[in-house]
Amino acid sequence: MKKQSPQGASASSAAGRRRVQRQRQLSFQKAVQIAWRNIRQRLGRSLLVTIGIILALAFLTYILYSDTITRAALRGGSPALLDSLARRGMTTVNDADARIQTRWMLGLALLVSFVGILNSMLLSVTERFKEIGTMKCLGALDSLIVELFLLESTFQGLVGTVAGILIGVALALSEGARVYGAEMWELLPVGALFRLLGICVLVGVGLTVVAALYPAWRAAKMEPVEAMRSEV
Amino acid sequence: MSNTENVSGQQELDAAELLSTHVIRAVGVRKTYQLGGEAVHALKGVNLSVERGEYVSIMGPSGSGKSTLFNMIGGLDKPDAGQVFIDEVDIAALDTFELAWLRCHKIGYIFQTFNLIPVASALENVMMPMLFGGMPEADAQDKAASLLEKVGLGHRVFHKPNQLSGGQQQRVAVARALANDPAIILADEPTGNLDLHTGEEIIRMLEALKDDFQVTIITATHDHKMLAASDRVVYLTDGEITDIKSRDELHIQVGTIAGAEQ
Ligand SMILES: Nc1ncnc2c1ncn2[C@@H]1O[C@H](COP(=O)(O)OP(=O)(O)OP(=O)(O)O)[C@@H](O)[C@H]1O
Ligand SMILES: [Mg+2]
């Protein structure tokens, strides 16, 4: 159905083309401001996404940290500590089976939170169909819409990740202190724990942003005509 | 049909004159929707030219294709056949960046449901098209404030849409539509969600702003009482223009209708 302009019209459209310019991208700073306003004003919806990330990241950090702490204790603990652990039946870190089990649980936790974030983001896109359509009528480019949704999810991912990591670390350390006593603090493999921290941050933010890709794309594909629909 | 010919006949006028006076030209615009395997002919070849500075109302019953025509001349949708020229630019020839620029700078949209951004204040709503258009923040803020002043909301600039009445929200929308000094304001049933009195206020305000800003206004309505400001009324029935009345003819008609109702 796409048609070519007849000759008469192409002359005037060539003249007109000069009068139409290309819309430029909004500055990154402005986009950040708008995204931040969206988060702040929609705290309820934002929290839902954030809580999902917090739970997943708390679980991830807790598992990774307790595993590392346990191994450090078994490797470098004093004879007295090892003795008391042995009496409680704790001689090896984790046998292969248990480790595989933990990995499965981790994988599931991350998957569940991934789906949760995806779902929340899709919902928030659907809720905002009209708003997105309106913004397009006002001159927003597709790329701005994608940028806004990705920025929003990055904010949520960062907050959720930091909170989740704090909770996970606190849980792992307090449990370690309970099981291994004061000796744990001397045994802590600080370098390894910091490296884990980096991994957790990457996983948390990465998870959120990847989960937001599809919803953001959906939002950008929205036709501005949607803004005109009178329902809702 | 004789009326539509009358309209399309204008297109045979001198091209240079067309360039200068016609801000919108729709030529043989057709649009067909597929609805559950059935073809709905929303527009069946509409010809319409609108002159710069005109106030045109499109009248027609529900489902007659007003919104479809609006989407075409607003650069929001492309016709299946026929052409739409905005400021003599064939919108079918534009890429997405040019279309976005056109929507941002040439056209101001006013919606039946106001469509303000709910998380943004009145001021921020009016600033938005200016920021999209690349205006520095401080300038945008000043201009938005003066536009809100113009629509009588100078004292409500920091209110959120949900803290404003329907009429006030539509005023913000009018200010937002004027943000980038567009050539055209498109208002699809701008009074559809307002009571009669508030609706008339909005129409009168649009009429006043039209001269202030030298903007062309096109509105759709199915309410005869909202036609008072129109220079021309285009009657749309079943996807076809069935009649066009100028302001003079209109007064007689409005008079008779008002008389008939009493
Ligand atoms: N997206 C769509 N898909 C299928 N059919 C559509 C679509 N949009 C409009 N139509 C059909 O096209 C016709 C014209 O619709 P349009 O919305 O333009 O009417 P309208 O004059 O604006 O009506 P109203 O006064 O109720 O807003 C109608 O029959 C409608 O059902
Ligand atoms: Mg309509």
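Quantities reported herein were computed from a predicted structural model and do not represent experimental measurements. A note on names: the letters A, B, ... follow the listed sequences, proteins ahead of strands, and every chain is numbered from 1.
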Non-hydrogen atoms of A:I34 and B:F132 that approach each other most closely: CD1-CE2, 4.4 Å
For the student: nearest non-hydrogen atoms of B:L131 and A:L26, plus distance: O-CD1, 3.2 Å
Pick from A:R40, A:K136, A:M135, A:R24 with the largest number of heavy-atom pairs that fall under 4.5 Å of chain B: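 The option with the most such pairs is A:M135.
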With a 4.5 Å heavy-atom cut-off, do [X] and [Y] have their side chains touching?
| X | Y | answer |
| --- | --- | --- |
| B:F111 | A:C137 | yes |
| A:T134 | B:R176 | yes |
| B:K160 | A:Q41 | yes |
| A:E223 | B:L76 | no |

Chain A contacts, top residue of B:A100, B:G108, B:G75, B:A177 (heavy-atom pairs, under 4.5 Å): B:A100
[atom1] of [X] to [atom2] of [Y]: how many Å apart, nearest 0.5 Å?
| X | Y | atom1 | atom2 | value |
| --- | --- | --- | --- | --- |
| A:E131 | B:L116 | CD | CG | 10.5 Å |
| A:Q23 | B:E98 | CD | CD | 11.0 Å |
| B:L94 | A:R22 | CG | CZ | 10.5 Å |
| A:Q29 | B:E137 | CD | CD | 8.0 Å |
| B:K106 | A:Q21 | NZ | CD | 9.5 Å |

Atom CD of B:Q214 with >12 non-hydrogen neighbours under 6.0 angstrom: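 Not more than 12 within 6.0 Å, no.
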Test ring pair (Phe, Tyr, Trp, His ring centres under 6.0 Å) applied to B:F114 - qualifying residues, sequence neighbours left out: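 Scan of B:F114 (ring pair (Phe, Tyr, Trp, His ring centres under 6.0 Å), adjacent residues dropped) gives none.
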Positions in residues 117-125 of chain B that reach chain A, provided some heavy atom is under 4.5 Å away: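 The stretch touches chain A at B:I117, B:P118, B:V119, B:A120, B:E124.
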Chain B neighbours within residues 138-148 of chain A, where any heavy atom lies under 4.5 Å away: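 Interface residues of residues 138-148 of chain A: A:L138, A:G139, A:A140, A:L141, A:L144.
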Less than 3.5 Å apart, which donor and acceptor atoms pair up between the side chains of residues 203-220 of chain A and the rest of the protein, not counting sequence neighbours?
unit_1 : atom_1 : unit_2 : atom_2 : d
A:T208 : OG1    : A:G204 : O      : 2.6

